[in-house]
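When a ligand or atom number is given, it counts from 1 through the structure's own listing order.
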Amino acid sequence: MIMKIFFNVIAITILYNVAPGFVSDKVSVSVKELDSVTLHTGVKTNQQEAIQWYFSSTCIAHISGDLSFICTDVQCNEGTERFRDRLKLDHQTGSLTIMNITNTDSGEYILEIINSKYSEEIFSVSVTGVSAAELYEMKEGGSVTLDSGVIKRPNDVVTWYFNETEITEDQSEICTDVQCKERFRDRLKLDNQTGSLTITDTRTTDSGLYKLQMIISDSSFSITRVKRFSVSVTDSGLSIGAVAGIVIVVLLVDAAAVAAGVVYCRSRSRTAVPQNEDDDNFTV
Ligand SMILES: *[C@@H]1O[C@H](CO)[C@@H](O)[C@H](O)[C@H]1NC(C)=O
Ligand SMILES: *[C@@H]1O[C@H](CO)[C@@H](O)[C@H](O)[C@H]1NC(C)=O
Ligand SMILES: *[C@@H]1O[C@H](CO)[C@@H](O)[C@H](O)[C@H]1NC(C)=O
């Protein structure tokens, strides 16, 4: 297997040198810190494709065509544990999920699909800012809108949680269980353009943590984003409904060094990378 891949690479490199000129697909993905992002391969690995993912020239995930060898991160590169347990490789499709993404994960992720032909796709991932937790304080009886901050597209899925219990399902269903219905009666409204949640006629028992999970889908990738809202409703007192502040969570992540050790994945050399897309049927 490894020899086969090796020879394929040589054959492709030679061909590339005589017939250069095609640029790989490039997909730009913009995420926020702590999002999870899935980069789709668009294949089903039941046809003997080998799939490899690279980040900074290092193989970070590999799945062999016959599924006999699968690795992620440190398993592919002994001694390099850049992502720790934040990488997930879908064994059916080879799609790669990076969880709890951080600033240092910004960069190009290169997907290689190798069987009788070779193809490559580049995902340029940029990590900007952070989904901050928002704090809302108000008096009983008012209403409050917990703002998603986005315009929802038809394929995007929004789910709301109150103290970790799901309160909305699908775009429209609010409170499917009895406890939720009793707690909120008809006091919740969902904006179907933004997914924002409005609580009317607020009560002290509405206080707690509201969590919005958004799954933002594109054909090439999907992003799971979580936004938190801390709501405090007081029964009397002086504070009038107001946005009190924003809590910013800063994540410090040490940049892991890139090591050279490889198991099945060869270390990637940029010069040996073919960019052709129409070179079908390489056989060695
Ligand atoms: C992601 O971050 C959250 C909150 O910091 C943590 O609870 C969770 O375990 C992390 N997940 C992974 C896979 O690192
Ligand atoms: C959602 O939007 C559609 C189309 O704009 C509209 O017809 C429908 O009434 C809205 N649904 C709800 C529950 O507001
Ligand atoms: C929700 O969580 C908050 C904070 O932990 C707690 O004070 C409140 O009692 C909880 N509310 C319910 C209904 O569980």
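Ion pair D201/R203 flagged as a salt bridge, since at least one NZ, NE, NH1 or NH2 atom sits closer than 4.0 Å to an Asp/Glu carboxylate oxygen.
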Any protein N or O within less than 3.5 Å of an N or O in ligand 3? List each pair with its distance, or say none.
from: ligand 3; atom 1: 2 (O); to: N163; atom 2: OD1; distance (Å): 3.0
from: ligand 3; atom 1: 2 (O); to: N163; atom 2: ND2; distance (Å): 2.4
from: ligand 3; atom 1: 11 (N); to: N163; atom 2: ND2; distance (Å): 2.9
from: ligand 3; atom 1: 14 (O); to: N163; atom 2: ND2; distance (Å): 3.1

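Side-chain contact check for S217 and S222: no donor-acceptor pair (N or O, by modelled atom type) lies under 3.5 Å. Between the side chains of T198 and T145, at least one donor N or O lies within less than 3.5 Å of an accepting N or O.
With values rounded to the nearest 0.5 angstrom, S230 atom OG is found 14.0 Å from K211 atom NZ.
Sulfur-sulfur distance for C59 and C76: not below 2.5 Å, with no disulfide indicated.
Between F184 and F162, the distance from one ring center to the other falls under 6.0 angstrom.
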